[in-house]
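First the structure, in the form of structure tokens, and then the observations on it.
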Amino acid sequence: MLSSAVTIVLFMVGVAMVLDQVGIALGPLLASAGVVGLAIGFGAQSLVADYLSGLLIMVEDQYGVGDSVDLGEAVGEVEHVGLRLTHVRDLNGGLWHIRNGEILRVRNDSQEWARAVLDVAVAYDANLDTVYRVLEDTGRALRQDPDFEDLLLEDPAVWGVQSLDADGVLVRLAVKTVPLQQWGVTRELRRRVKDALDAAGIDIPFPQWTVWVRTDAQDSEPGALMR
């Protein structure tokens with residue numbers, strides 16, 4: 001970018017020096033160029049906004065090539081960052097061309113660290129202390145695994161009960177990871193947690209419903225309860 005800017009400036013200075021040497025007055029020429037430039041500027045406001053936004057994206061290091069970003073509809077890996085356009089390759093292989101002036105917010109999953117978050121649903125009759133212990137043991141075992149120890153920045157922590165749903169209790173497990181590895185860590189945690197819950201005899205809840213059947217039209221009490 002700096003090389004291009006210097007080249008343009010040097011070219012303009014060189015043209016001005018040549019015109020001065022051949023006797024062409026620069027004053028009227030610059031005045032005319034200013035009027036034309038003003039007209040072009042009014043007609044190309046969006047183009048100017050794209051270039052300014054692209055410059056700020058680079059200066060502020062909002063994202064770069066190889067980063068995983070969410071730019072609204074475009075979610076994927078950045079393949080190119082220019083002054084006017086950003087190219088993002090999505091999960092399905094589609095290449096998005098986004099004007100920098102249209103980028104209103106950026107979520108970058110590749111800077112500093114990430115977090116793997118796993119919500120585990122257990123039945124209401126499960127002992128939560130046992131559930132916490134199983135999740136903590138599973139998380140520590142994952143961090144001690146040579147294949148994952150470099151991906152986890154801390155021991156996984158049980159954050160506690162996230163919600164009380166109609167079918168069960170939702171418990172959250174979270175851990176900091178290196179950037180772009182949170183999804184693989186989450187998948188491995190999910191597999192290990194499922195095996196650990198099965199070994200501990202803790203049931204994962206399933207959808208439930210209650211059907212009331214009246215055996216007598218005059219009877220206000222339910223005749224049978226099916227679950």
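All figures in this text were calculated on a predicted structure; none of them were measured in a lab.
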With sequence neighbours left out, what residues match [X] under side-chain contact (heavy atoms from CB on, under 4.5 Å)?
X      : value
Trp159 : Arg115, Ala157, Arg172, Ala174
Thr130 : Asn127, Arg133, Val134, Ile202
Leu91  : none
Thr177 : Ala114, Ala116, Val175, Gln182, Val185

Quick one: side chain to side chain donor-acceptor pair (under 3.5 Å) partners of [X], sequence neighbours excluded?
X      : value
Arg99  : Asp50, Glu102
Arg191 : Glu188
Glu79  : Arg89
Asp90  : Trp96

With sequence neighbours excluded, residues passing salt bridge (Lys or Arg N to Asp or Glu O under 4.0 Å) with Asp145: Arg192
Do other residues, nucleotides or ligands put more than 12 heavy atoms under 6.0 Å from Glu149 CD? yes
Report the distance from atom [atom1] of [X] to atom [atom2] of [Y], rounding to the nearest 0.5 Å.
X      : Y      : atom1 : atom2 : answer
Thr138 : Leu173 : OG1   : CG    : 8.0 Å
Leu55  : Met58  : CG    : CE    : 8.0 Å
Ile103 : Leu85  : CD1   : CG    : 9.0 Å
Gln181 : Ser110 : CD    : OG    : 10.5 Å
Arg140 : Leu142 : CZ    : CG    : 12.0 Å
Tyr63  : Asn108 : OH    : CG    : 9.5 Å

Between the main-chain N or O of Leu170 and the side-chain N or O of Asp165, is there a donor-acceptor pair closer than 3.5 Å? no
Donor-acceptor contact present, side-chain Gln111 to main-chain Asp67, <3.5 Å: no
Examine Ile204 and Tyr132 and state if one hydrophobic cluster contains both, with Ile, Leu, Val, Met, Phe, Trp and Tyr joined whenever side-chain heavy atoms are less than 4.5 Å apart. yes
For the hydrophobic clusters of this structure (ILVMFWY residues joined by side-chain heavy atoms under 4.5 Å, transitively), does one cluster hold both Leu104 and Ile98? no
Mind checking whether [X] and [Y] have side chains closer than 4.5 Å, heavy atoms only?
X      : Y      : value
Leu118 : Val120 : yes
Leu153 : Val178 : yes
Val171 : Val158 : yes

Per side-chain contact (heavy atoms from CB on, under 4.5 Å), Val161 is matched among Val131, Val122, Leu128 by Leu128
Scan for side chain to side chain donor-acceptor pair (under 3.5 Å) pairs involving residues 69-78, sequence neighbours excluded, and state none if there are none. Asp70-Arg105
Which pairs, with at least one residue in residues 99-119 and sequence neighbours excluded, count as a ring-ring contact (aromatic ring centres under 6.0 Å, His included)? none
Kindly give the cluster partners of Trp183, where membership spreads through any ILVMFWY side chain lying under 4.5 Å from a current member. Leu180
Which is it for Val106 and Leu71 under the side chain to side chain contact (heavy atoms under 4.5 Å, CB included) test, yes or no, and what are the steps along the way? CA-CA 5 Å; Val106 178; Leu71 303 181; 3.6 Å; yes
Could you check Asp167 against Tyr124 for side chain to side chain contact (heavy atoms under 4.5 Å, CB included), going step by step and ending with a plain yes or no? CA-CA 8 Å; Asp167 302 323; Tyr124 270 98; over 6 Å; no
Give me the one residue out of Asp155, Asp150, Asp137 that meets salt bridge (charged side-chain N to carboxylate O under 4.0 Å, His left out) with Arg143. Asp155
Classify the angle between the aromatic ring planes of His87 and His97 as parallel (below 30°), tilted (30 to 60°) or perpendicular (above 60°). perpendicular
Is there a side chain to side chain donor-acceptor pair (under 3.5 Å) between Thr86 and Asn100? Walk through the geometry before answering. CA-CA 6 Å; Thr86 293; Asn100 292 329; 2.7 Å; yes
